[in-house]
Structures are given as C-alpha cells and as structure tokens.
Amino acid sequence: MQCAYRLHQEGSVVGWVDRSATKSLEMILAEALELELDAIFVDDVDIFGSRAASLLRELTRGGKTVVVAAVRNTKLDFVPSTLRAADVSADDPLSDDDLRSLIKVLKTHGLLGVLKQHRWPFRRLEELRRMCEHSLLVAMIQVVTGQLFEDKVRSEFEQLDDGQALVYATICVLESAEVFKRRGVDSVDLLQIVSPGAPSARMERAIASLIHMRLVVRGSNGMIRCRQRTIADTVIKVVLKKRTSLLGEVMKSLIRFYAGYAGHIDDSNNPYRRTMVRLLNHALMIEFRLPDDTVREIYDSVQEFLDYDFHYWLQRGEFELQRNHLGIAANYFQSARGCGGEGDYKVETGWASVTLRRSAEDSSDSDKRQAAIAALKALDDVCRTRGTSSEHSFVVMARAGTEWLETVYKFLLERDFSVSVSTIKGVIELGRKISLDSFQFDRAVREYEPRLSRLIERNRGVPT
C-alpha cells in the first residue's frame, strides 16, 4: 500500500483491487481498463481462483500498466509457472538498520523484554533477527510478552468462558484466510449468529467483553474484527482444528445464518451470498479437518434453505467425491443438475468426474461405459466453451479420462476407443494452445499424456 501511495503522490494514476471487493471480475477488469491506469495493485489475487492469471495479463494492457499482485506463500499454486513476473518476497529478512531501529524503539518504551538478558548490542540484534525469521508480528509479541506467539494465542483462547470462546471462534473463522470475503462482521449479524433463537443478552455481554479485552476490535462502521488476520489464522491452526466439536458448531451456526439470509439471492456479487458460498465449499470443510459425519450434519442443517440451490448440491457432491463415496456423489450431482445446474461448468465437470470413476470401478457394465462416453463429451464441451476459466475441467479430462480409458479399453468398440482417445488428446492440445496457466494442468499432462500414449501403442491400428 505504501508503494501504491508513493506512486499516487508522484502523479501516477493508480488503482487498488481490495480482497473485500464485491464487484464481479468482469466489472473490475472493465473499470480498470477504462481508467487506463499507470499501475494497479491486486490484494490476495488467489481469491480469483483459476481466473487470476488471465486477469493479471489483461490488466497489463499489453505492457502499458504495471500490475502488482500479492499472494500468500500457501497460495502460490494460483500463480502460473508461465506467467512472466518478477517475484518480490515480503519475507525477506530485515536489514541490520531495521533491527537496530526496532531495538531502539523497544528500549525507549521499556519493552526490551527477553532481549534485556543480552547486554551486548550485537547479541540483541542477533536474537531479534532469529525471532523475526517467521514474522515481525510474531517476534514483537515474543519480545514484549516473553511467550511464543502460538502459545500466547492458545493461552488467550483457553482463558475465555464458553460464550466468549464461541464468539471469538466465529470471528476468527470469518476473518481467516480460508474464509475471508470482507473485513469484519456486522455486530447485529454476529449477535444473531452466536445466539440460538432470539438474540441473547449473554452473548451480547460476551461480545462486549472481548472488545474490552482487546481480543477483537469494533470499527467506526460498527464492524467487529480480529486484531490481525494472522491471529485469526493462528487460532484456527492451533486451537479450532484440535477442537472440531467447537469448530463444527461455529460452522453450522455461520452457514445457517448466511443460508437463511442469502439462500434466495441470485446475485453472486451480494456479500452475504458470497460468504455463504465460501462457507459451503467442500474444500473448506476438508481444510478445517472436520469429521465426515459433522460435515454431513452441517450440510443437512441448511437443506431447508437451499434445497433448490444447485451450488449446495454441487458442494455436497464434491465432498462425497473426495471421500470416494461415488454412488451418493452421483446422486447429489444429479440433484444439482435437476435444480438449475445442468449446463453449469462446475456441475458438469463434477458429474463427469464421478461418472468416469464409477465406470472405471465397474468396467464390464455397458450402461456405465456409455454414460462415461457421454461424460467425456460433456467435459469436451465445457473445456471448449469455458476455456481458461475452467482449468479444473481440463485436469479432470486428462486425469480421470485417461484412468477410465486404461480400465475399460478392452470392452470398447474400436470406434468408441478412437473417439475417446481423440477427445482426451484434443482437450490436452487445447489447453496448450490457449496457454492454460495451471500447475495442476501441467502436472496432469506430464503424468497422464505418456500413459495415454502407451495405451495407444497397445492398441495399434486404431486411428488417433
């Protein structure tokens, strides 16, 4: 942000895309191109998923605009290997001058803490350098309190009563990197989320006490947030992932609130709808390490609100697909198709994936083979229609398509084998042609294209 402000002060036309932006990607891109910016900064570019790379390319306006994008180390897979960009690490070590300045400030305010035991300046400098290896925030907390950062976060949480813990956990989940869609949660919304039934005076007191303890902050706009997103992430990591019953309770309360509020809203840019969609995500449930039965119970609890929302059934299908429960996954994908999702590229990709895997598991079943051939065609249509905006479809074609063909090729007619090979190879070539920027696609092609070639060799004489 300092860099953006400096450029602005120097007279450059500068844009900023914040993580909490509610406009669609198309609207953001159109507005940025219309402004003809000299530079644009994109915070947490991974929120745009598979479309991040194409967004960054288009924002450059053919080299006329400098594009600076921030991404966490854990999300680097969203930055394609083929994207020509200069890497700037925010984790570069502080210089000796930086460290001396910090020590000077700490000494002035009588906060040297554990550094006090080192009398020689160079010893203090080396100790502070060691502490700052992971994070400056982490180091400052360790210096001032004498506690390791994770121990302090855990200790703060353990001192809370049940009501305070529920409120704090709820705020941390919403503020965590896995969920975050906007900074803070409205205080009225928060009270409703954590109160069973009508808003509770007890939970209102719990919110007030957390603000008084400075564990959370109330902004001038009434939004309540964590002190730092790093703290929210650490609470998830060191506390809630080990207390899955509490985390499950929090997720259930959050999803019920947002489903009740936004289940009827079609506008995908509505902030409540966006948060609901993120909370429903099957990958989030897996990332949070919630037990399978807990996840199913959470999904069951909002079916009354989302029974005709195809995104709800899509996520249920994807979760069961990840758990290899192919029969129930197929049922959920069919439900998604039946309530408005037929033709949606995510639904069609999920349905195709489970159809191919079911046929591979039962290669002698002719009905499942024919369904799998139809699934290949559906995937082919998605890839050619959606292009770079559906990289996962290309990955499924290369991986699941090849694995299916390896299993059933002996049962296929020559024509069906030839068409299937051509379809899979055609999508792989299309991915290369449109410069599909995806580590997942590159990895799938490296692994499965040779396997496809070997399969063709075993069936010589079949046109490819």
Side-chain angles (χ1 to χ4, degrees), residues 49-50 178-179 181 248 251-288 290-361 367-368 371-372 374-379 381-383 385-386 389-393 395-397 400:
S50 62
E178 287 87 353
V179 175
K181 286 298 178 186
M251 288 294 290
K252 185 175 181 179
S253 297
L254 283 169
I255 291 178
R256 281 190 60 82
F257 171 79
Y258 283 98
Y261 202 108
H264 65 286
I265 296 175
D266 295 326
D267 180 10
S268 60
N269 293 316
N270 179 279
Y272 286 91
R273 173 81 186 179
R274 292 173 70 219
T275 302
M276 181 197 80
V277 167
R278 181 59 192 143
L279 288 167
L280 283 170
N281 192 281
H282 72 284
L284 178 65
M285 303 290 187
I286 295 170
E287 171 64 26
F288 278 173
L290 292 172
D292 291 357
D293 287 344
T294 298
V295 174
R296 295 183 183 108
E297 181 183 330
I298 291 170
Y299 281 137
D300 286 342
S301 74
V302 292
Q303 184 174 338
E304 62 179 302
F305 302 114
L306 303 174
D307 199 25
Y308 289 93
D309 188 321
F310 76 80
H311 185 81
Y312 166 76
W313 293 109
L314 167 65
Q315 294 307 321
R316 297 207 71 164
E318 291 286 4
F319 179 78
E320 297 300 342
L321 181 59
Q322 289 292 320
R323 291 297 182 252
N324 205 37
H325 296 144
L326 303 184
I328 191 66
N331 183 285
Y332 289 154
F333 282 123
Q334 290 290 14
S335 294
R337 297 178 98 197
C339 59
E342 187 167 11
D344 176 84
Y345 71 100
K346 292 181 180 179
V347 173
E348 293 301 298
T349 299
W351 170 79
S353 180
V354 74
T355 301
L356 289 165
R357 286 175 60 178
R358 291 186 78 196
S359 178
E361 282 194 348
D367 290 338
K368 289 180 179 177
L376 287 182
K377 184 181 185 307
L379 271 179
D381 290 343
V382 168
C383 293
T385 302
R386 300 291 305 189
S389 64
S390 185
E391 66 177 44
H392 181 58
S393 305
V395 174
V396 169
M397 178 67 91

Intermediate values then yes/no, side chain to side chain contact (heavy atoms under 4.5 Å, CB included), Y312 and Q303
CA-CA 8 Å; Y312 166 76; Q303 184 174 338; 3.3 Å; yes
Does a salt bridge link K377 with E348, judged by any charged N lying under 4.0 Å from a carboxylate O?
no
Which heavy atom in A375 sits nearest to a heavy atom in L356, and how many Å separate them?
CB-CG, 4.3 Å
Shortest non-hydrogen contact from V347 toward G341
CB-O, 3.5 Å
In short, S393 meets L379 closest at the heavy-atom pair O-CD2, 3.9 Å
Is any side-chain heavy atom of V179 closer than 4.5 Å to a side-chain heavy atom of N281?
no
If the threshold is 4.0 Å, N to carboxylate O, is there a salt bridge linking R316 and D300?
yes
Side chains of M397 and L376 in contact at under 4.5 Å (non-hydrogen atoms):
yes
Atom CG of D266: over 12 foreign heavy atoms under 6.0 Å:
no
Parallel, tilted or perpendicular, judged at 30° and 60°: which one describes the rings of Y272 and Y258?
tilted
Is there side-chain contact between F333 and E318, with at least one heavy-atom pair below 4.5 Å?
yes
Stepwise side chain to side chain contact (heavy atoms under 4.5 Å, CB included) test for I298 and V302
CA-CA 7 Å; I298 291 170; V302 292; 5.9 Å; no
Are R273 and D267 side-chain neighbours, meaning at least one heavy-atom pair lies under 4.5 Å?
no
Minimum side-chain heavy-atom gap F319-D292 below 4.5 Å
yes
Would you name the heavy atoms of D309 and C339 that are closest together and state the gap between them?
C-SG, 4.1 Å
What I'd like to find out is whether the side chain of E320 reaches to under 4.5 Å of the side chain of R296, using heavy atoms alone.
yes
Ignoring hydrogens and geometry, is there a side-chain-to-backbone donor-acceptor pair from S359 to T355 under 3.5 Å?
no
With side chain to side chain contact (heavy atoms under 4.5 Å, CB included) as the criterion, how do Y345 and H392 come out once you've worked through the C-alpha distance, each side chain's angles and the decisive distance to 0.1 Å?
CA-CA 10 Å; Y345 71 100; H392 181 58; over 6 Å; no
Looking only at heavy atoms, the pair that brings V354 and A329 closest together is CG2-CB, 4.0 Å
Tell me whether the rings of W313 and Y332 are parallel (<30°), tilted (30 to 60°) or perpendicular (>60°).
tilted
With a 4.5 Å cut-off on side-chain heavy atoms, are Q315 and K346 touching?
no
So I265 and M276, do their side chains get closer than 4.5 Å, heavy atoms only?
no
Other residues, nucleotides and ligands only: do more than 12 of their heavy atoms fall within 6.0 Å of NZ on K368?
yes
If every non-hydrogen atom of L280 is compared with every non-hydrogen atom of M285, which pair is closest and at what distance?
O-CE, 4.5 Å
Working note: Q334 + W351, criterion side chain to side chain contact (heavy atoms under 4.5 Å, CB included); need CA distance, chi angles, decisive distance, verdict.
CA-CA 7 Å; Q334 290 290 14; W351 170 79; 3.5 Å; yes
